[in-house]
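One structure is given below, encoded as C-alpha cells.
Naming: A, B, ... by sequence-line order, numbering from 1 per chain. In this text, all values refer to a predicted model and were calculated from it rather than measured experimentally.
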Amino acid sequence: MAAPKSVAVFFAVLNLISLLPFIAFSFSPDQPTDRKILVLLDDLSLKSSHSIFFNTLQSRGFDLDFKLADDPSIAVKRYGQYLYDGLVLFSPSADRFGGSLNIEGVLDFVDSGHDLILAGDSNASDLIRNIAAECGVEFDEDTSAMVIDHAGYAVSETEGDHTLIASDEFIQSDVILGSKKLEAPVLFKGIGHSLNPENSLVLKVLSASSSAYSANPTSKLSNPPSLTGTSISLVSVVQARNNARIMISGSLGLFSNRLFRSGVQKIGSLNKYEKSGNEQFVTELSKWIFHERGHLKAVHLKHNKIGETEEPSIYRINDDLEFSVEIFEWSGTSWVPYVANDVQVQFYMMSPYVLKTLSTNQKGLYHTSFKVPDVYGVFQFKIEYQRLGYTTLSLSKQVNIHSCVSFHKFC
Amino acid sequence: MDRNLGILVAALLLVASTCESAIFNPVSESHRSAASELLSSADGSFGSLEETYEALKTFEVLGIEKKPDIRTSACVSAVKILSSTSSALKDLFHALRVNGVLKCELNDQAFPGIGSKLKDSLNGASSLLDFYYSIGGLILIKDQTSEVDVHISDADRIFRSIKALSQSDGRWRLNSNNPESSNDAAGIALEALSGVISLASSEIDSSLIATLKNDISKLFDGVEKYDDGTCYFDEKLVDAHGHKGPLSASASIVRGITALAAVSSENLNLPGEKVLGLAKFFLGIGIPGSAKDLYYQIDALSCLESIRGSVPLILSLPATVLSVTKKDQLKVKVSTVLGSAAPPLSVKLMQIFVSGSKDASVIDQKLKFDPENSVHVLETLPTNVDVGNYIFSFEIIFDEPEHKNKYATGGRTRVPIHVTGVIKIDSAEIAILENDLGSVETQKKLDLPGESAVALSANHLQKLRLSFRLTTPSGQVFKPHQAFLKLKHDSGVEHIFVVANSGKKFEIILDFLGLVDKFFYLSGTYDLQLTVGDSVMENSFLQPLGHIELDLPEAPEKAARPPPQPVDMYSRYGPKAEISHIFRVPEKRPPRELSLAFFGLVILPFFGFLAGLFHLRANLKNFPKSIHATFAILFHLGIAAVLSLYALFWFKLDLFTTLKTLGLLGIFLMFVGHKTLSHLASTSAKLKTT
C-alpha cells in the first residue's frame, strides 16, 4: 500500500512544482513583469464596450482574465499564494462575488500589496460602496444621486439633464497623470464621492467644479445635498503604506469606448475637442496604478570617510564623511535612473542632527558630504522620501560615533 | 444574465432609468471609422476564413470601399480549401462564403465535386451544424455557379430531421444527444430550414411550414423586453470566450427569420413591434469594441434592413435639447436601421407629456417635410411648451397605405425633449433684518448674474434675507433644481442652504440666532455665494455675492467643534528645511608659550628629585650579578613593557587586547620578579647570618 501512496505524493509535488511559475506575486522590484489581472464584469458585453481600455492594458503586456462577477469559479488565492497581481472591478451592481471572493478577500488582496481599480456607477451596490469605504472613499449615500453640474456640463444635442460632466480639474502631478498635459476635459457620468479628510493616503485625481452637486436629477431638492462643489471627487486614488495602489471612479462609463471616442465641448468654453480626454486620462492613470510609473527603489546606500572607500564601522566626531545612494524608477519595462533635486538624507539619533539635500549626477546617483556631529551615540543615515504620487522610500543604515579619547572606550 | 443585461442596457445606452423613452440613431459615419479601425490588421490578413468573411461582410454592409489588401491572401486560402478533397465541412462553408464576397478565380471544375460532397454529408447529417453547413454551402454554390444542380429531392425528410431537434418553446438543440437548447441554435435551424425550402425541388409540405410558423411565434414569445421597447433574445449558454451571448443569439435569430421570410411563400406574421425592438437592441449597443460583436451587429442590421414584411423604421432626432431663446426647430428623421431613406411618409406630433407627470396635451400636428435634408421639421414649438422637460410622442403615417404591411414603425414613438431657455432674474436683493421687529437695517440690490461685492455685517440677533425672482421666457415662474446659498468661513467651514420659493419669489431668511450652533460659534468673515442652475436654464450661474461679517457669541464649553478641514494635498509633500549641526565651540586655551612654561615648572621637581638622588649618592651596586642579573633585567624590562602597554592603550588598543596582553605580561613578571626577589632575599639573609 505504501508504494502507490508515495507515488501519489510524488505526483502532487510534481504538480506543485509545475504550478510554481504560474503563481503571481504582487509588484516586486525583483520580478516586476509577468503581471496577471483579474477583471470582474457585470456583463461580458462590457468586454466589447470597454475594449479600448482593455486593449491598452493588453498591449502593455498585462494578462487579463475576464470573469463575470457572480462566476462561481472566482478565486484570487490558492494555497496561500495570490493568483493575480491586480484586480479590476467593473461590476458596480454586484451584490456579492461568486466563488470564494468576498469583501474581506478584496481587502486582503490589497493589504498584501496588490492593485485595484474599482468603478462605481449610479445604483452601485452596497458591496462596491463598502469596498470603497474601506479604502477611504465614501460614495454619496443617496443611491439615486448623480453628479450634476449646470455650469460645467458637456454640450450635447441629446443629453439634456447635465449629468454628463466635462471636468478639467485634475491633480497637479506629472507622475500620476503623465508628463503630457491633458488638453481636453474628461467626460464623466456617474456618482460622486467624498474623501475622509483625516486619511492622508487618498488623493483626489479628478474633482468636480464648484458649481456641481450630487442629487437625484429628477426629484426636487428640499434639503441641501450632502456633496457639493469641489469637495466632490469624481476619481480618486489611494497609495497604501505597502505601496498597493487603488483607483476609485464613480463612473464606469469613464472607461467606455463611447466616451473615449466622444468629442467634447464644455459649456461656456469655445474650445471644441475632437476627442475627450478620457483615453489619455484613464491610460495614464492605469500606468500609475499598475506601477509603470512612480515606483522607486533605492539601492547601494553607501557612506565612508572622505578619501577612503571602505565603509568604516565607527566614525569619530568631526570626521568628514561622504554619503551616496542610487535611486531608480520602474518604467514598465526596466529600471531607469530617477532624476530629482529634492532627495534628502538625515543623520539621525532621536531627531535629525543633519538634514541635507543630496546633489545628483542626473544618472540616479545622489551624494553629499558633511562633518560628523560632535555627539557620541548610535546614529542612522535615513532617507525618508515622500512625494506626491511616488512610492515612499524609507531606508536607514546605522553607524556608531566614538570619541578619540580612551576613557570612552569603556562605553 | 437578465440582471446583467439590465446593466448592459443602462451602461451602454446611458438611458436614464426613469425615462421610458429613448432615442436610437441609425448606423452612421462613426460606425464606419470604427470598423476600419477595428478591422485593419497589421499584415492585412485575418486569423481564419470565418473571421475574414466576417470582416468582408462588415465592410460590404457599411459600404467601405477601400478594403484592406486582404483579397490575395484570403483568396489563396479559400481556393486551397475548395480545391482540396479532404476539407472539413465547416471550412468548405466558410471558404464558399469568402469566395462569394471576393469572387476569387476558381476553376469551375471544383464546384461539382464540392456540391456532391455537400449533398453526401447532408444525407448523412445528424447534428444541426452539419445540416447548416451543408445546406448553406449548397446555397452558396447555387449563387456562385449555375452549372451544378443543387436541388435536393428529399427536402421533406431533411426538413423533418431538422425540425426533430426543435423544442416546445421554439428553441433548438444542436444535436439529438445534447439536451440543452439555445436561441442561437434556433437561428441556425431557421436559416437551414429556409435553405431547404429554397433548394427543394418540389413544394414543401405546407403543414410543416405551418408548424414552423408556430415555432417562430413561440420563439418571439420568449423574447426579453425592456421599458424603452428594446427586445433581445437571451442566451443561457455562454461559452468560455464570451462569444455567445444575447448579441450573437439575437443576431442568429434575425438572420434565420430574415432568410425564412425571404423564401417562404406565405407571410410569417412577424410581430412588427418586436422586430423594431430587436433593431433598437442592435442600435443601442453603439459601436462594439470587438470585431466579432461588430459583425453580429452589422450583419443583423443588414438583415433587418431587408427583412420581408416588417422592415423596421427608426425615428431619430438630431437634437433633443432645443432652445426657445434661439428658436431651435424640432427636427425628426426617419430612416431604416442602416440609415437609408424611408418610403414617402409623414410624421405627426401626437402628444406632449410633461416629464414626471401624467398630464398630456393632445397636439396632432403634422410635421413639414424638408426634402433637401430629408428631415421632418416642426417649425414652431406649440405655444403651451415652456422651458422644461417633456416627452413628445410621434407617429409615422405612410403616404401609401400598402407600406404598412412592409414596414414596422412600432406605433407611437416617445422621445424625451429638453426645452431650454434664458431665465430672467430680477428684483434680487439682500438685506439684514432686525430680529424682533423685522425692520430692515441694510438693504442692497444685487445684479444677477453679474458682478456684486456686497459687504454686510450682522450679529446673532439679526437675520439675513436674500430674495430674487425667476421668470421663464413666456413669463411663468421658474423653479430651478439648484438654488443654493453658500456661506464659507475663513477657516474653510461651509454651510449650504437651499433657497426655497414662496409664491412668485425665491426667498431665504437666515435667522442667525437659531444657526449659531450650526455655525460652531465661529465669528468672522463669511463669503456668500449663490448658485442657481437647472438643466433647462441656459444662464445657470455661480456667483460670489460678497461677504458678511458675523459677530456671534462665545462658544459654550459643550458646543460641537468644527469638523476637520481637508489639508491641501500638495503641502503634505515636498522637501523639508535643511538642518546643519552646530558644533561645540572649542574651549579657549592659553598661549602655547605659557603652557610650555607651566609644563617646565611642573617637570622641575622631577629634576630636583634626580639631583637629590645624586646628592644622596644613590647607586646600583647592589644590582644582582651573574645569572641573577638576567632575571633582574627581564623584571625591569617587563615593568617597562607594562608601562608601554598602558601608553599603547591610551593611543590605540582597546580594553580587551590590553587586558589580554597585560595578563601574559603579569605571569611573566611574577616569574622573573619571584626569581629576583628570592635572590635578593637569600643574599640579605646571607648578609644577616655572616
Side-chain angles (χ1 to χ4, degrees), chain A residues 42-52 66 68 93 121 148 150-151 156-162 172 189 195 197-198 200 203-204 210-211 213 215 217-218 220-224 228 252-253 256-258 261 318 342 344 352-357 370-371 373-374 386-388 406 409-410, chain B residues 3-5 7-8 11-12 14 16 18 23 30 34 238 242 245 247 285-290 293 318-321 356 389 416 418 420 481-482 484 496-498 531 533-537 540-542 564-567 569-570 572-581 583-584 649-650 654-655:
Chain A
D42 265 339
D43 188 285
L44 286 175
S45 64
L46 286 175
K47 240 173 101 172
S48 149
S49 62
H50 291 55
S51 64
I52 300 180
F66 294 95
L68 280 175
S93 68
D121 218 328
I148 308 170
H150 297 304
S156 162
E157 301 247 88
T158 49
E159 305 232 7
D161 55 1
H162 298 181
Q172 298 302 314
K189 184 178 182 127
L195 309 184
E198 281 164 19
S200 63
L203 302 169
K204 204 189 286 178
S210 46
S211 55
Y213 62 109
T218 52
K220 205 171 134 29
L221 277 174
S222 50
N223 292 315
T228 57
L252 182 57
S256 69
N257 295 0
R258 205 180 81 96
R261 289 200 186 105
N318 295 338
D342 57 355
Q344 294 179 319
Y353 279 72
V354 173
L355 195 158
K356 226 174 158 191
T357 304
F370 56 89
K371 205 184 243 316
D374 51 355
Q386 274 184 306
R387 292 296 174 270
L388 186 67
S406 67
K409 287 180 185 172
F410 299 103
Chain B
R3 182 176 55 80
N4 291 334
L5 213 97
I7 303 306
L8 157 84
L12 298 186
L14 295 171
T18 50
I23 317 156
S30 56
V238 177
L247 181 58
I285 284 167
I287 303 166
S290 76
D293 288 350
T320 57
V321 181
N389 297 317
H418 305 271
T420 66
H481 192 244
Q482 180 190 28
F484 300 153
I496 290 166
F497 302 92
V498 174
T531 319
D534 195 278
S535 54
V536 295
M537 178 171 169
S540 300
F541 64 89
L542 171 139
Q565 292 303 309
V567 203
M569 56 186 164
Y570 302 110
R572 282 206 298 261
Y573 302 94
K576 296 188 186 116
E578 290 203 355
I579 300 171
S580 50
H581 184 70
F583 286 85
R584 254 176 309 185
F649 174 56
W650 177 281
D654 61 29
L655 192 63

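- Heavy atoms closer than 4.5 Å to chain A are found in both the backbone and the side chain of B:I579.
- Taken from OG in A:S51 to CG in B:D293, the straight-line distance is 9.0 Å, to the nearest 0.5 Å.
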Practice problem: Run the numbers on B:K576 and A:L355 for side-chain contact (heavy atoms from CB on, under 4.5 Å), then give the verdict. | Solution: CA-CA 8 Å; B:K576 296 188 186 116; A:L355 195 158; 4.2 Å; yes
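- The minimum heavy-atom distance linking B:F497 with A:P224 is given by the pair CA-CG, 4.4 Å.
- Both the backbone and the side chain of B:H581 come within contact range of chain A, each with at least one heavy atom under 4.5 Å from a heavy atom of that chain.
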Self-check item: Step-by-step side-chain contact (heavy atoms from CB on, under 4.5 Å) determination, B:I496 to A:Y213
Solution: CA-CA 11 Å; B:I496 290 166; A:Y213 62 109; over 6 Å; no
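- Distance check: A:D161 CG to B:H418 NE2 gives 5.5 Å after rounding to the nearest 0.5 Å.
- With a 4.5 Å cut-off on non-hydrogen atoms, A:Q172 touches chain B through its backbone and its side chain both.
- Contacts between B:F583 and chain A at a heavy-atom distance below 4.5 Å involve backbone atoms as well as side-chain atoms.
- Contacts with chain A were tallied for B:T420, B:V536, B:L247, B:I287; B:I287 has the most, counting heavy-atom pairs under 4.5 Å.
- Scanning all heavy atoms of the two residues, the minimum distance from A:G160 to B:S535 falls at O-CB, 3.1 Å.
- Proximity to chain B (any heavy atom under 4.5 Å) is restricted, for A:I148, to the side chain, taken from C-beta onward.
- How far OG of A:S211 is from CZ of B:F484: 10.5 Å, rounded to the nearest 0.5 Å.
- The closest side-chain donor-acceptor pair between A:H162 and B:D534, if any, does not fall under 3.5 angstrom.
- Heavy atoms of A:I52 lying under 4.5 Å from chain B are absent altogether.
- Comparing A:P197, A:P373, A:A151 by heavy-atom pairs within less than 4.5 Å of chain B, the highest count is held by A:P373.
- Interface summary for chain B: among A:S210, A:A215, A:S156, the most heavy-atom pairs under 4.5 angstrom belong to A:S210.
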Practice problem: Applying side-chain contact (heavy atoms from CB on, under 4.5 Å), run through B:M537 and A:H150 and close with a yes or a no. | Solution: CA-CA 8 Å; B:M537 178 171 169; A:H150 297 304; over 6 Å; no
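- With chain A as partner, the option from B:S540, B:A319, B:G533, B:P575 having the largest number of non-hydrogen pairs under 4.5 angstrom is B:P575.
- Listed for the A:D374 side chain is a donor-acceptor partner under 3.5 Å among the backbone atoms of B:R584.
- A distance-only check finds no donor-acceptor pair linking the side chain of A:Q344 to the backbone of B:E578 [under 3.5 Å].
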